[in-house]
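Since the structure comes first, as structure tokens, the remarks are kept for the end.
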Amino acid sequence: MLGWDVDQISLKAARRMALAAQGFGRTRPEAPDRRHVRDLIRRLAVVQMDSVNVLTRTHYLPKFARLGAYSREALEAEAWGPRRSLFEYWGHEASLLPLETQPLLRWRMDRARDGAMWTGLARFGRERRDYIDGVLAEIERRGPVTGGDFATGPRGAPGWWEWSDGKRALEWLFWAGLITTKTRRGFERVYDLTERALPARILDLPTPTESDAQRELVRIAARTMGVATLADLRDVFRLPLAETRARVAELVEAGELTPVTVEGWRHTAWLSPGAHMPRKLSGDALLSPFDNLIWTRDRTERLFGVRVRLEIYTPAHKRTHGYYVLPFLQDEAITARVDLKADRKAGTLLVQAAWREPETAPDTPARLATELGRMAGWLGLERVEVVGRGDLAETLAEASSG
């Protein structure tokens, strides 16, 4: 623990603890390798996935933010290679998680088989269970499959992304834990039976009770956040509210979580036993809109005083900051945000908008330009070009051309 009276902590202390818990403020390795990637994901506990590829897919970005220019192939080997350390499941949305987490989520898989999933998919499971069982038998007989192998049949209604019945069956089986991602081709999942896709050492681990598993998930969530409210802890693995509250109470009673008040926060927060508050943090990072540090929008506002909203699904004329907007973390503050796009044909990282934040500093444009240059190089792009709007665009363009 921290070694002093922690009944109340300042907002600055909470921010530093959160950043340290998330792996920021450390010197980036000179040559990040698979071990760095593996260790970082264990620290983060869960990495959200998303199909949007206007810059690069989001699961690659949190590692770049913390490690610098690592090889994306290193992450792919950990996620989908023959000696992988990660698996895919519904953690915080669709996610990559350490293999050792799989037993802690078996209760969710069991509940999914009883219908605890998206309403439409649960209804499909009730109405077409014979068909789903047939798809499972076909995978058992045939081996690894993709959604395209079951693409025939009635198409889904709007809102179902025009899924075929085969795709729905695969998603139901995935949620129920009966199949999992064996590998990916491009971004397309290749499914196989869980018992064939995951290592025996994981499958043979005992299945904890629901309450034991949830307690461990709350412990992990607390460790990855440093200091967190009940809502924050719940959100990491999207745990049920009542059960999260019960598990937190049990951990407080056991002395494993310490309740505190944080300056400016309306709700009680809890400290992880390993919470660490550096005297100072330094370093720059571009944060994916799905980065663990900022995925809880209310928490981001509480920690940094910045309102971050995902505008991908907002009509273009109603967007405030842009389509794929990355906040810029400068030392301990979010000082800017940029709407980025990789123009791969032109070899250019396009800054389609650049905006100041309340804590923008005189050196923000230069430091942001440097980090954009690093990102461009990591993505295999030759240059950065500021082409868009925003109250930071002009000075950022000058810094980027210097």
Side-chain angles (χ1 to χ4, degrees), residues 11-12 15 18-19 22 24 48 50 52-58 60-62 64-66 264 281-343 346 348-379 381 383-402:
L11 179 58
K12 181 178 287 188
R15 186 187 291 190
L19 288 167
Q22 282 283 301
F24 288 105
Q48 185 172 344
D50 190 84
V52 175
N53 197 26
V54 67
L55 179 64
T56 189
R57 289 195 170 93
T58 187
Y60 296 107
L61 289 168
F64 175 76
R66 294 157 176 83
L281 290 99
S282 60
D284 300 330
L286 285 159
L287 303 174
S288 158
F290 303 99
D291 191 285
N292 303 46
L293 181 67
I294 60 171
W295 66 27
T296 305
R297 307 312 181 189
D298 173 69
R299 177 177 170 83
T300 303
E301 196 162 352
R302 280 185 276 118
L303 279 172
F304 297 102
V306 172
R307 184 179 175 85
V308 175
R309 294 293 182 271
L310 186 66
E311 297 184 285
I312 289 173
Y313 306 108
T314 302
H317 68 282
K318 293 185 178 181
R319 292 178 193 139
T320 302
H321 295 102
Y323 178 77
Y324 202 78
V325 178
L326 283 73
F328 178 55
L329 178 67
Q330 181 178 336
D331 299 332
E332 301 175 18
I334 291 176
T335 62
R337 64 181 99 189
V338 284
D339 179 19
L340 300 182
K341 178 179 180 179
D343 185 342
T348 304
L349 178 60
L350 299 175
V351 182
Q352 302 189 115
W355 303 94
R356 298 177 181 272
E357 294 298 336
E359 295 192 57
T360 298
D363 62 346
T364 295
R367 290 175 65 169
L368 176 54
T370 297
E371 194 63 17
L372 288 166
R374 290 193 187 105
M375 175 173 277
W378 173 62
L379 293 173
L381 305 173
R383 67 189 68 85
V384 176
E385 187 176 352
V386 182
V387 297
R389 61 195 178 104
D391 55 9
L392 189 62
E394 184 176 348
T395 52
L396 179 59
E398 292 171 359
S400 299
S401 63

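Below, all heavy atoms of this structure are taken into account, side chains as well, without hydrogens, waters or symmetry copies.
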Checklist line | Glu394 atom CD, neighbour heavy-atom count above 12 within 6.0 Å | finding: no

[Y] and [X], any side-chain heavy atoms less than 4.5 Å apart:
X: Glu385; Y: Asp343; value: no
X: Asp284; Y: Thr370; value: no
X: Phe64; Y: Leu379; value: no
X: Thr56; Y: Leu61; value: yes
X: Leu340; Y: Met375; value: yes
X: Val52; Y: Phe290; value: no
X: Leu381; Y: Thr348; value: no

Next item on the list: Using the side chain to side chain donor-acceptor pair (under 3.5 Å) rule, collect all pairs that involve residues 312-333, keeping only residues at least two apart or in two chains.
Entry: Arg16-Glu332, Gln330-Thr335, Gln330-Asp363, Gln330-Thr364, Asp331-Arg367

Notebook entry, point to check: Could you go step by step and tell me if Leu329 and Leu293 meet the side-chain contact (heavy atoms from CB on, under 4.5 Å) rule?
Noted result: CA-CA 10 Å; Leu329 178 67; Leu293 181 67; 4.3 Å; yes

Check: Are Glu311 and Arg337 ion-paired here, with the side-chain N under 4.0 Å from a carboxylate O?
Finding: no

Next item on the list: Could you go through the side-chain contact (heavy atoms from CB on, under 4.5 Å) check for Leu372 and Val386 one step at a time?
Entry: CA-CA 10 Å; Leu372 288 166; Val386 182; 5.8 Å; no

Check: Should Leu392 and Trp355 be marked as a side-chain contact (heavy atoms from CB on, under 4.5 Å) after you check the CA-CA gap, both sets of side-chain angles, and the distance that decides it?
Finding: CA-CA 5 Å; Leu392 189 62; Trp355 303 94; 5.6 Å; no

Separation between [atom1] of [X] and [atom2] of [Y], rounded to the nearest 0.5 Å:
X: Asn292; Y: Gln22; atom1: CG; atom2: CD; answer: 5.0 Å
X: Asp291; Y: Leu326; atom1: CG; atom2: CG; answer: 9.0 Å
X: Leu19; Y: Phe304; atom1: CG; atom2: CZ; answer: 4.5 Å
X: Thr58; Y: Leu287; atom1: OG1; atom2: CG; answer: 10.5 Å
X: Ile334; Y: Glu301; atom1: CD1; atom2: CD; answer: 11.0 Å
X: Arg389; Y: Asp339; atom1: CZ; atom2: CG; answer: 8.0 Å

Checklist line | Donor-acceptor under 3.5 Å (Arg383 side chain, Ala376 main chain) | finding: no

Note to self: Ignoring hydrogens, what is the shortest heavy-atom contact between Ser400 and Ala369? Give both atom names and the distance.
What the structure shows: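 Of all heavy-atom pairs spanning Ser400 and Ala369, the closest is OG-CB, 3.6 Å.
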
Item checked: Arg297: side chain to side chain contact (heavy atoms under 4.5 Å, CB included) partners, not counting sequence neighbours ->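 Once residues adjacent in sequence are excluded, the partners of Arg297 under the side chain to side chain contact (heavy atoms under 4.5 Å, CB included) criterion are Ile294, Val308, Arg309, Leu310.
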
